[in-house]
Amino acid sequence: MVASTKGLMIYKVYRALTRGLSPLLQLHLRWRVFRCLEHPARWQERIGRPSLPRPPGPLVWFHAVSLGEGMAAIPVVRQCARRRPGLNILMTTTTMSAFKVLENDLPSGVLHQFCPVDTPAVIDAFLCYWKPSAVILLESELWPNLIMVSSTKGIPLTLLNARMSVKSFKFWSAWALPLISLMLSKFALIIPLSTTQAIHFQLLQAPPSIINFAGDLKYGEGISISVVEHDMCKRNIASTEDLKEQLSDRHVWMAASVHRDEEQVILAVHRLLVRRYPDLVTIIVPRHLQLAHHIVEELQKEGLHVALRSRKQKITARGLVYVVDTLGELRHLYSLTPIALVGGSFCPGFAGHNISEAAAAGCAVLTGVHVGHFSHMINEMQRLDPLSVVQVSGKEELQEALFQLFSDRKMLKARRMASKQTFHTLSSGILAKVWNLLDTHVLDRISIIEEKKMIGGIHHNCMVIKLSAIATCPSSSAVCVVKDRRQVRAIGGVGFRSLERRIMGAAGRLKRNVVVVEGFDRLRHVLGPVCITLSPSSTLYPSLKPVSSSGGGHACGKIDVPVLRLKRHRSKLGFKLGTL
């Protein structure tokens, strides 16, 4: 209680500061627009001014800060759109690179906006306009105003692929433990990307009951670019096929997500390799487009051959460096090279990048030693097969590894196969586990809330029939069974007849005839294809579970009746219906 009170006091200070700094934040956004870091036409979305109309019906809000998190969320967004067609989906991102790529990769019908800044007025305006039924945050997007205001409005929160860097963990632990503890207590579900991260969140006093481990969703990012999940447009297929022809019969390797200062290592290794392999092509994909121009200028000063992707220059010269200065093509380019070095990992202070795309494409994967939270992914792959990923600490080790792969074709083939097979072994089932957790803990709750609205506002402790069971009933009648009217009154806080009228009213709106009876002793007198049992138990949220009629022992004369039990949270009064 003391910690919660202290956390609330810290939050009030944060809320006051962000309210006072709101004018400065708007000026900062205008400055970012001037520097081409914000969208010139849509930057006002960041201050809670939407550019799209809000469609009717329930809406789920996914938020990812950058391109990596957004790509990891796409498989889940696709599952949600496919399995819950009645839900509207809003996706927000922060960076321009994420906006440019995800605009084309998101499923049709998914709304995309820039995320609001974390000030009280902006967050309140955003939530009041979009009225999300659930908020799903990716990785480490822990913003106090967003979390606290959403909780106040009764919006369930989920932290998907949750992680926390060592630096952030030390900060929250040392300086703001009451605040982070208060924020984490507002979540309905936290899905950490590793067991280590799960321990971090427990040490930050997140309730253990809401932490459910399913695996790193960024393995699913690799799945989403595979043939099964990712649909390349005809233009991209033609473009990559043309590039594939130019690279045939050449020694090729690629350095992806290269940061500033790392290009010196890459170019030094290229100069050494080209002496032994004159037909060498080194593909460099900078993390930031500004670095591409710097690399081109440096190579041109040295008189080396260089080609730019954006200018569609052909790969004809020997010993050429091919610089990719475009967005959204990295996952396609991995399929063109047998060897991939994943950057952002060679200099202290860097935290690595996702290797799953390269592994899924069947590349022999190399990376540096400064990999941050991606270390768990690398360790898992190396545990299954040491050949799947190789870490190199500098120029000499990188040069040696590349010489070995180019000179030994059998080793290269074994490395590529090990990388792909290990990735698929680890990634299998992760997306299904994540989806099941979201569906059970969050999306089912949205359905129940919407159905309560349709029924007409039954008290939240009352037992509620799942209307989809009535709506899909193929015949003219269905049977709703309640064990005892006195227990209904005690647990639900509503009379049996009142409950009956509301269920009948909801069924009438769905054009279904429903008979409500008190128990199975009367069921044999009523014939119907569906039996819906209002049977509370100790599960946290209501959910429909099919039960075999033979296992339950309930039959209607000689006709087996499929039984659906609707479970709900145990009443605070301690009453609980027995299992029917």
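Only this structure's heavy atoms are used, side chains among them; waters, hydrogens and symmetry mates stay out. Keep in mind the model is a prediction, meaning the values are calculated, not measured.
- Listed for the Glu141 side chain is no donor-acceptor partner under 3.5 Å among the backbone atoms of Val65.
- Ser419 places no side-chain N or O within donor-acceptor distance of the main-chain N or O of Arg416, the cut-off being under 3.5 Å.
- Side-chain contact between Met254 and Leu341 is absent, with no heavy-atom pair separated by less than 4.5 Å.
- Other residues, nucleotides and ligands contribute more than 12 heavy atoms inside 6.0 Å of the CE atom of Met96.
- Ring geometry for His353 against His259 counts as parallel: the plane angle stays under 30°, on a 0 to 90° scale with 60° as the upper cut.
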**Request:** Carefully, step by step, assess Arg84 and Asp439 under the rule salt bridge (Lys or Arg N to Asp or Glu O under 4.0 Å).
**Result:** CA-CA 9 Å; Arg84 298 275 184 163; Asp439 196 40; 2.5 Å; yes
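- Annotation for Phe114 and Glu45: closest pair N-OE1, 2.7 Å, computed over non-hydrogen atoms.
- The side-chain heavy atoms of Pro50 and Tyr129, taken from C-beta on, include a pair separated by under 4.5 Å.
- Here the CZ atom belonging to Arg46 is positioned 9.5 Å from the OG1 atom belonging to Thr92, to the nearest 0.5 angstrom.
- Side-chain polar atoms of Glu69 and Ser66 form a donor-acceptor pair below 3.5 angstrom.
- Counting non-hydrogen atoms of neighbouring residues, nucleotides and ligands closer than 6.0 angstrom, the CH2 atom of Trp143 reaches no more than 12 such neighbours.
- Here Thr94 contributes atom OG1 and Phe99 contributes atom CZ; the two are 13.0 Å apart, rounded to the nearest 0.5 Å.
- Side-chain rings of His370 and Phe346 stay apart, their centers remaining 6.0 Å or farther from each other.
- Applying side chain to side chain contact (heavy atoms under 4.5 Å, CB included) to Leu160 and the options Ile136, Leu189, Leu193, Val442 leaves one that passes, Ile136.
- Of the possible donor and acceptor atoms, none in the side chain of Glu139 sits under 3.5 Å from a partner among the backbone N and O of Ala64.
- Under 3.5 Å, the side chains of Ser168 and Ser165 contain a donor-acceptor pair of N or O atoms.
- Contact between Ser151 and Leu157 at its shortest, heavy atoms only, is N-CD1, 4.4 Å.
- Salt-bridge annotation for Asp124 and Lys153: present, with a side-chain N of the basic residue lying under 4.0 Å from a carboxylate O of the acidic one.
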**Request:** Check the pair Arg415, Leu405 against side-chain contact (heavy atoms from CB on, under 4.5 Å), reporting the backbone distance first and the verdict last.
**Result:** CA-CA 9 Å; Arg415 288 279 312 279; Leu405 291 172; 3.7 Å; yes
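- Side-chain rings of Phe126 and Trp61 approach one another, their centers coming within less than 6.0 Å.
- Side-chain atoms of Leu438 and Val76, non-hydrogen and from C-beta on, do get closer than 4.5 Å to each other.
- A pairwise comparison of heavy atoms in Val342 and Thr367 identifies O-OG1, 3.3 Å as the closest pair.
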